[in-house]
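Computed from heavy atoms alone, side chains included, the values below leave out hydrogens, waters and symmetry copies. Within every chain, numbering begins at 1; the chains are lettered A, B, ... in the order of the sequence lines, protein sequences first and strands thereafter.
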There are 2 protein chains.
Amino acid sequence: MSMQLSSVQPTKRISTHDATACAANLSSLFVDQPAESVASGRTIFWEGDKATQVFEVAEGMLRALRLLRDGRRVIVGFLKPGDLVGVSFKDKYIYTVEAVTKVALRRFPRHLFEGEIARQPKLREMIFSKLCDEMSAAQDQTVLLSRRSADEKLTSFLLLMANRQIGQHVEVNLPMTRQDIADYLGMTIETVSRTTTKLVSHGIVAVPDRHIITILRMETLRSIARGEDLEAASAPTTTNKRRLPANA
Amino acid sequence: MSMQLSSVQPTKRISTHDATACAANLSSLFVDQPAESVASGRTIFWEGDKATQVFEVAEGMLRALRLLRDGRRVIVGFLKPGDLVGVSFKDKYIYTVEAVTKVALRRFPRHLFEGEIARQPKLREMIFSKLCDEMSAAQDQTVLLSRRSADEKLTSFLLLMANRQIGQHVEVNLPMTRQDIADYLGMTIETVSRTTTKLVSHGIVAVPDRHIITILRMETLRSIARGEDLEAASAPTTTNKRRLPANA
DNA sequence: CGAGCACAGTTACAATCCGTCACATATTCG
DNA sequence: CGAATATGTGACGGATTGTAACTGTGCTCG
């Protein structure tokens, strides 16, 4: 990985024209930087590394993860184009980031990044807003992990990934491995497989390719994610309306 | 709850003297405000409410939670004195906040709060830092929830709560109910009870009072939280040193 | 003061879901 | 083509959960 930005010269130029014209767009900070290419599987930085750089994802997907002492892996998030990576106001990164696919990144030294934030109220607002989105996403994952059944977890995950894709498309792209999904959802790879198979056998989704899941029955998927029983939800009739009390 | 701060007068005075003397302390923003008292169980604000206020906890404990459509409750964090509540840069609060105990709060209108942030670089830095701590805490909870066994979850929770207490004290104060703990850890209240009992019967903790758990064997507790089996860890001899490979 | 009540917490038991282990199948990459 | 990796499938046992009964504590109200 090259360190193109260690020279301050081009950055200064950018920041000055930013202050007038480009304050409306967050990625304006990065847009003049060359996108570095990173092969899939490569590590961008490690948890505990000194947080000296900020990145913008231009292309591809990354995973943010924490390693536990006993070797288990917890994936705390997936990063897609447009996301900022490594925005930290502590001195160290709090998680490791690895490329899931081939990735294109734009890099920015942290101290300059912070300088821009101090100088540009609009930019600052956008970063704050981004951080809040991140907080929100982190809490969404918390909610996801507290879900009881594997069915709920996986369907919620699919909807989460589907939301990131364009528009109403029911074709969900999953570049990450089953192991990644399992480590994100706090389950085993076997359970991910079995649950996927179950969804397929009920006609709720199809798996034309390892890394593509097509949602066939969106509403059914939604009701399972909401906590409805899969068997009940996949039956096409009298599912939502009738809800018998347990003691009736 | 009174709305003492709807008048701008006293706030202006504070902000001006802040700019010189008190920029080093975050709570200087709130310190001249009267602390409002809130009874336990009362709601401070609801998820989805317009985010018009920021609060500082002066005394007591609160819970931040999200309600799921099926009625389940997910607690995304506990708040203690010194914490800021409702710092959002979106227009709406993303979780509900309720008082666990009787609580004393200082209130600050959001737009003034943001004005101060814009004006005071030092303050801004501290808020950013606080947000990062929050992110870190959110991810810690994610890690906590991905832990497999109830033993690991509860012991990790106890250590988390113990860290917030002063110094080396092994007496952990738990003002929240078992239901709160269960909703935080993603388990049932019964499992919380059973696991607590198990820890007591192994002499690892004692429960002198419903809301107090005394840690008797800190190192044992730590090793359980790290993933070691409770039965193995609670045996006083040859526990940490020997680790036989599964296929030996 | 004590009966009655509500609520928090505990314990027991049965059902089940998930993780572990084992193996089959596919895909990728040299 | 063969090794390595990723994924799917099945059997089995154990841990967690739900149900339900029980205990204990604090509170109200007669």
Side-chain angles (χ1 to χ4, degrees), chain A residues 39-41 63 70-73 100-102 145-155 157 174-201 205-213 224 227 229-232 245-248, chain B residues 39-41 63 70-73 100-101 145-155 157 174-201 205-213 224 227-232 245-248:
Chain A
S40 72
R63 57 177 170 252
D70 58 6
R72 279 178 302 183
R73 208 177 65 141
V100 170
T101 62
K102 186 163 179 267
L145 284 168
S146 345
R147 308 233 170 215
R148 308 237 173 275
S149 76
D151 295 346
E152 278 181 69
K153 286 188 189 174
L154 189 65
T155 50
F157 175 72
L174 301 173
M176 71 290 290
T177 66
R178 301 284 188 255
Q179 187 65 60
D180 287 338
I181 298 174
D183 289 344
Y184 184 78
L185 298 178
M187 4 192 263
T188 61
I189 183 176
E190 291 92 339
T191 304
V192 173
S193 260
R194 274 189 286 257
T195 307
T196 306
T197 305
K198 210 203 288 187
L199 290 175
V200 169
S201 69
V205 304
V207 187
D209 177 272
R210 252 178 230 296
H211 292 295
I212 296 175
I213 288 188
I224 297 170
D229 184 60
L230 190 151
E231 306 293 337
N247 56 350
Chain B
S40 72
R63 57 178 171 251
D70 59 6
R72 279 179 302 183
R73 208 176 65 140
V100 170
T101 63
L145 283 168
S146 346
R147 306 234 171 216
R148 308 237 174 275
S149 76
D151 295 346
E152 276 182 73
K153 285 189 190 173
L154 190 64
T155 50
F157 175 71
L174 301 173
M176 70 290 288
T177 66
R178 303 281 186 239
Q179 187 65 60
D180 288 337
I181 299 174
D183 289 344
Y184 184 77
L185 298 178
M187 352 191 272
T188 60
I189 183 176
E190 291 89 344
T191 305
V192 174
S193 259
R194 277 187 287 257
T195 307
T196 307
T197 306
K198 211 203 288 187
L199 290 175
V200 169
S201 69
V205 304
V207 187
D209 177 273
R210 253 175 233 296
H211 292 295
I212 296 176
I213 288 189
I224 297 170
E228 195 131 359
D229 184 59
L230 190 149
E231 307 292 339
N247 56 350

Original post:
So, do V192(A) and Q179(A) sit near enough that their side-chain heavy atoms are less than 4.5 Å apart?
Top reply: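 Side-chain contact under 4.5 Å: no.
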**OP:** Flag the pair I181(A) / L154(A) as yes when at least one side-chain heavy-atom distance between them is below 4.5 Å, and no otherwise.
**Re:**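 The answer is yes; the side chains approach within 4.5 Å.
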Original post:
Of all the nucleotides listed (dG9(C), dA26(C), dC18(C)), which has the minimum atom distance to the side chain of R210(A)?
Top reply: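 It is dA26(C).
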Original post:
M187(A) side chain: which of dT16(D), dT10(C), dG19(C) is closest?
Top reply: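 That would be dG19(C).
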Given atom [atom1] of [X] and atom [atom2] of [N], what is their separation to the nearest angstrom?
X	N	atom1	atom2	result
R147(A)	dC18(C)	CZ	P	14 Å
D209(A)	dT7(D)	CG	P	11 Å
R148(A)	dT16(C)	CZ	P	18 Å
D229(B)	dA15(D)	CG	C1'	12 Å
Q179(B)	dA8(C)	CD	C1'	10 Å
L174(B)	dA8(C)	CG	P	16 Å
R178(A)	dA26(C)	CZ	P	15 Å
D183(B)	dT17(D)	CG	P	12 Å

Subject >> Interface residues of residues 188-199 of chain A with DNA chain D (non-hydrogen, below 4.0 angstrom) >> reply: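 Result for residues 188-199 of chain A: E190(A), S193(A), R194(A), T197(A), sorted by number.
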Original post:
Shortest non-hydrogen contact from A150(A) to T195(A)?
Top reply: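 It is CB-OG1, 3.8 Å.
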Original post:
If you take all heavy atoms of Y184(B) and L145(B), which pair is closest and at what distance?
Top reply: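 Y184(B) and L145(B) have their closest heavy atoms at O-CD2, 3.7 Å.
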Original post:
Would R72(A) and D183(A) pass as an ion pair if we require N to O under 4.0 Å?
Top reply: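 Between D183(A) and R72(A) there is no salt bridge, as every charged N stays at least 4.0 Å from the carboxylate O atoms.
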**OP:** Kindly say whether G227(A) contributes a backbone atom to a donor-acceptor pair with the side chain of R148(A) at under 3.5 angstrom?
**Re:**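 Between the backbone of G227(A) and the side chain of R148(A) there is no qualifying donor-acceptor contact (under 3.5 Å).
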